[in-house]
Amino acid sequence: MTAKTLPRGHVAMLDLTARELRDRLAAGALDAAALVEACLDRIAALEPKVQAWAWLDGDHALQQARALDAHRRSGRPVGPLHGLPVALKDVIDTAKIPTANGTALDEGRVPEKDAWLVERLKAAGAIVIGKTVTAELAFLHPGKTRNPHDESRTPGGSSSGSAAAVAAGMVPFAVGTQTGGSVIRPAAFCGTVGFKPSFGAIPRTGVLSQSPSLDTIGVFARTVEDAALLAEVLYGHDPADRATALAPAPRLHAIATTKPPVRPTLAFLRPPGWDDAHPDTHAGLSELVEALGEQCFEAALPSAFDEAAAIRERINLAEMAKSYYGYEKRGRAQLSEEMQGALDRGKAIPARDYIAALDWPDVLYAGLDEIFERCDAILVPAAPGPAPEGHASTGDSIFNGLWTLCGTPAVTVPLLQSETGLPMGVQLVGRRGDDARLLRTARWLEGLTGETEA
């Protein structure tokens, strides 16, 4: 979000991208403490209305920053995220820092150990500035966060605080999770870049487990390049997370910032739910497809994808009933009606139906082969429309869940606006494991708007 949109708490350095800030920090042209102070000033100015934070300790953040400044001045090497503040969704364990998972049942919970990804962030020189609001247990019951563009509208969920904090310019980037549409949807509603990697790319050890077959770590940033910079640090293998694989470290940032060897070709799809999407979504995507011309062709999903939403929900609810059994046993009455109902539905799913549903991701993914052979990425809406009014719901994930189910990487870029000026995201989807190429294509598309270099 630009300073013009959010003038209160504006500091010039916060207009810089994370990559620009990183370079200045590494060169000694900017101190980490000064950057953290600027972020804290912005938070103080905007938090009363945005309410993005579940936990924030400015003194602790400044202590980290001063230690990193002393490290740099000593002449020792600095990490790829040296001095950059990062916000973490409050379902990610942080040692000695509260992690309440968006539920009163975990109020006061303080983990003894950092999540795997937090260890990676700290090793890279990042500063954990605070924990951001999540929907209850990263599901559907909304938290307190408001959309920075319009406080009467939802910021999306369940990574609401992470998306809003980046959109409001409080932090350069943030980390969230997606089981249905919890990265892509709030990023689209709040007007940020949201990136959900391929399933299993980032270890989830130390992160609240809702649905192990679907849970995916994702990131929020102002630009595609910044998203690549953050995500690259988080990729890796952890034997404790069986979804991850031992593989070479990706070169997400280097590849994302190179010019494509040829102009990318996109396949525009009208996924299930398209007919019910907002007119602004129809109009915006149609204009974009027309502007892309020969670089975009229309394709259709196989009819099997009509079942994707129901299949994903079946897996999600069945696994959630198992994962959250402890919460239900400890205090069912303290869970929201939405959560209680979801757990009941999950417990009622027959084992045969759940086991059969686990076969579907690979079946559906195979149906994408013909499309991917003809394009660099699939182009679809990121959400049915701009952020809906009210705070009783986090919005509809109909355009996200099928890609979470298939395990494909997805990224949303805030290229469109509604007639009332609200941000709307354009979602690109790539092949499994082709995350770097997807980010390069997304950055190319981002550049066509004139927001960044092409």
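For the single chain, residues carry numbers from 1 onward in sequence order.
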Undergrad: Does Q340 have more than 12 heavy atoms from other residues, nucleotides or ligands lying within 6.0 Å of its CD?
TA: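 Yes, CD of Q340 has more than 12 neighbouring heavy atoms, counting only those of other groups under 6.0 Å.
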Undergrad: With a 4.5 Å heavy-atom cut-off, do L445 and V413 have their side chains touching?
TA: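 Answer no - side chains too far apart.
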Undergrad: Check whether any side-chain heavy atom of R24 lies under 4.5 Å from a side-chain heavy atom of L16, and answer yes or no.
TA: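 The answer is yes, as the side chains (C-beta and beyond) meet within the 4.5 Å cut-off.
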Undergrad: Using a 3.5 Å distance criterion without hydrogens, assess whether the side chain of Q210 forms a donor-acceptor pair with backbone atoms of S323.
TA: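 Judged by distance alone, no pair lies under 3.5 Å.
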Undergrad: Is it the case that the side chains of E225 and T257 hold a donor-acceptor pair, with the cut-off being a distance below 3.5 Å and no angle test?
TA: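 Side chains of T257 and E225: no pair found under 3.5 Å.
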Undergrad: For R42 and A168, indicate whether the former's side chain and the latter's backbone hold a donor-acceptor pair under 3.5 Å.
TA: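 Yes; judged by distance alone, with no hydrogens or angles, the pair exists.
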Undergrad: With D226 as reference, evaluate T192, L84, V193, T17 under the side-chain contact (heavy atoms from CB on, under 4.5 Å) test and give the passing residue.
TA: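 Answer to the side-chain contact (heavy atoms from CB on, under 4.5 Å) test with D226 among T192, L84, V193, T17: T17.
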Undergrad: Is it true that a side-chain atom of D238 and a backbone atom of A240 form a donor plus acceptor pair closer than 3.5 Å?
TA: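 Yes, D238 side chain to A240 backbone: donor-acceptor pair under 3.5 Å.
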Undergrad: Against D93, only a single residue in R109, K113, R204, K131 fulfils salt bridge (Lys or Arg N to Asp or Glu O under 4.0 Å); can you say which?
TA: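 The residue from R109, K113, R204, K131 that satisfies salt bridge (Lys or Arg N to Asp or Glu O under 4.0 Å) with D93 turns out to be R109.
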Undergrad: Taking all non-hydrogen atoms of both residues into account, name the closest pair between P155 and C190 and its distance.
TA: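 What the structure gives for the nearest pair is O-SG, 3.5 Å.
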Undergrad: For L368 and W403, what are the C-alpha separation, side-chain angles and deciding distance, and is it a side-chain contact (heavy atoms from CB on, under 4.5 Å)?
TA: CA-CA 11 Å; L368 300 174; W403 311 117; 3.9 Å; yes
Undergrad: Could you tell me whether the side chains of K89 and S159 share a donor-acceptor contact shorter than 3.5 Å?
TA: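 Side-chain D/A pair, K89 to S159: present.
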Undergrad: To check you understand the geometry: which heavy-atom pair defines the closest contact between A52 and A164, and what is its length?
TA: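 Nearest pair, atom of A52 first, then A164: CB-CB, 4.4 Å.
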Undergrad: Looking only at heavy atoms, what is the nearest atom pair of M320 and L343, with distance?
TA: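 That would be O-CD2, 3.7 Å.
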Undergrad: As an exercise, state the distance from CG of L288 to CG of L379, rounded to the nearest 0.5 Å.
TA: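 L288 atom CG to L379 atom CG measures 5.5 Å (nearest 0.5 Å).
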Undergrad: Roughly how far, to the nearest 0.5 Å, is the CH2 atom of W55 from the CG atom of D90?
TA: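 One gets 10.0 Å once the value is rounded to the nearest 0.5 Å.
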Undergrad: Rounded to the nearest 0.5 Å, what's the gap from OG1 on T132 to CZ on F220? Could you check?
TA: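 Here the interatomic distance stands at 8.0 Å.
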Undergrad: Would you confirm whether S336, through its side chain, and M339, through its main-chain N or O, come within 3.5 Å as a donor-acceptor pair?
TA: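 Confirmed, S336 side chain pairs with M339 backbone.
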Undergrad: What are the two closest non-hydrogen atoms of L25 and H82, and how far apart are they?
TA: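 Taking every non-hydrogen atom into account, CD1-O, 3.2 Å.
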Undergrad: Between atom CG of L252 and atom CZ of F195, what is the distance when rounded to the nearest 0.5 Å?
TA: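 One gets 6.0 Å once the value is rounded to the nearest 0.5 Å.
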Undergrad: Indicate yes or no: does R66 engage D69 in a salt bridge with an N to O separation below 4.0 Å.
TA: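 Result for this pair is no, no salt bridge flagged.
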Undergrad: Could you tell me if the side chain of L81 sits less than 4.5 Å from the side chain of L229, heavy atoms only?
TA: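 The answer is yes; the side chains approach within 4.5 Å.
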Undergrad: Do L335 and Y324 come within less than 4.5 Å of each other through their side chains, counting heavy atoms only?
TA: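 No - every pair of side-chain heavy atoms lies 4.5 Å or more apart.
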Undergrad: Heavy atoms only: give me the nearest P203-A201 pair and the separation to one decimal.
TA: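 What the structure gives for the nearest pair is CD-O, 3.9 Å.
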Undergrad: Quick one: does P386's side chain get under 4.5 Å of M424's, heavy atoms only?
TA: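 Side chain of P386 against side chain of M424, heavy atoms only: contact under 4.5 Å found.
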Undergrad: Check whether any side-chain N or O of E232 sits under 3.5 Å from a backbone N or O of H253 as a donor-acceptor pair, and report yes or no.
TA: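 Checking the backbone N and O of H253 against the side chain of E232, a donor-acceptor pair under 3.5 Å is found.
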Undergrad: Is the backbone of V224 close enough, under 3.5 Å, to the side chain of E446 for a donor and an acceptor to pair up by distance?
TA: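 Looks like yes, one N/O pair under 3.5 Å.
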Undergrad: Can a side-chain donor-acceptor contact be found between T99 and T94 if the only test is distance below 3.5 angstrom?
TA: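 Short answer, yes.
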Undergrad: Donor-acceptor check, side chain of T216 to backbone of L214, threshold 3.5 angstrom: yes or no?
TA: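 Yes; at least one donor-acceptor contact below 3.5 Å.
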Undergrad: Going by heavy atoms in the side chains, are P381 and H278 under 4.5 Å from each other?
TA: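 Side-chain contact under 4.5 Å: no.
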Undergrad: Please determine if D114 and K122 form a salt bridge, counting it only when a charged side-chain N lies under 4.0 Å from a carboxylate O.
TA: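 So D114 pairs with K122 through a salt bridge.
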Undergrad: To the nearest 0.5 angstrom, please state how far the CG atom of L62 sits from the CD1 atom of I129.
TA: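 Separation between the atoms: 8.0 Å.
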Undergrad: Pair L14, C39 - check side-chain contact (heavy atoms from CB on, under 4.5 Å), show working.
TA: CA-CA 8 Å; L14 298 183; C39 290; 3.9 Å; yes
Undergrad: Would you find a donor on one side and an acceptor on the other, under 3.5 Å apart, between the side chain of Q427 and the backbone of F399?
TA: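 It does hold such a pair.
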Undergrad: Dump the intermediate steps for side-chain contact (heavy atoms from CB on, under 4.5 Å) on V118 and V175, then the final yes or no.
TA: CA-CA 10 Å; V118 178; V175 182; over 6 Å; no
Undergrad: Please report the C-alpha distance between V78 and H71 in whole Å, then the side-chain angles of each, then the deciding distance to 0.1 Å, and finally whether the side-chain contact (heavy atoms from CB on, under 4.5 Å) criterion is met.
TA: CA-CA 8 Å; V78 298; H71 176 96; 4.2 Å; yes
Undergrad: Do F189 and N147 touch side chain to side chain, with heavy atoms closer than 4.5 Å?
TA: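 Side-chain contact under 4.5 Å: yes.
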Undergrad: Using atom types as modelled and distance alone, determine if a side-chain donor or acceptor of Q178 lies under 3.5 Å from a backbone N or O of I184.
TA: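 Indeed, once roles are kept as given, a pair shorter than 3.5 Å links the two residues.
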Undergrad: So does C406 get a backbone contact from the side chain of R432, meaning a donor-acceptor N/O pair under 3.5 Å?
TA: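 Confirmed, R432 side chain pairs with C406 backbone.
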Undergrad: Counting C-beta onward and ignoring hydrogens, is there a side-chain heavy-atom pair between Y235 and D435 closer than 4.5 Å?
TA: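 Yes, at least one pair of side-chain atoms sits under 4.5 Å.
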Undergrad: Does the distance from a Lys or Arg side-chain N to an Asp or Glu carboxylate O, for E20 and R222, drop under 4.0 Å?
TA: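 Salt bridge flag = no for R222 with E20.
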Undergrad: Measure the spacing between NE2 of H60 and CD1 of I127 and express it to the nearest 0.5 Å.
TA: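 The NE2 atom of H60 sits 9.5 Å away from the CD1 atom of I127.
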Undergrad: Which heavy atom of S198 sits nearest a heavy atom of R431, and at what distance?
TA: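 Result for this residue pair: OG-O, 4.2 Å.
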Undergrad: Determine whether the side chains of E319 and S213 contain a donor N or O and an acceptor N or O closer than 3.5 Å.
TA: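 Checked: E319/S213 side chains pair up, N/O donor to acceptor below 3.5 Å.
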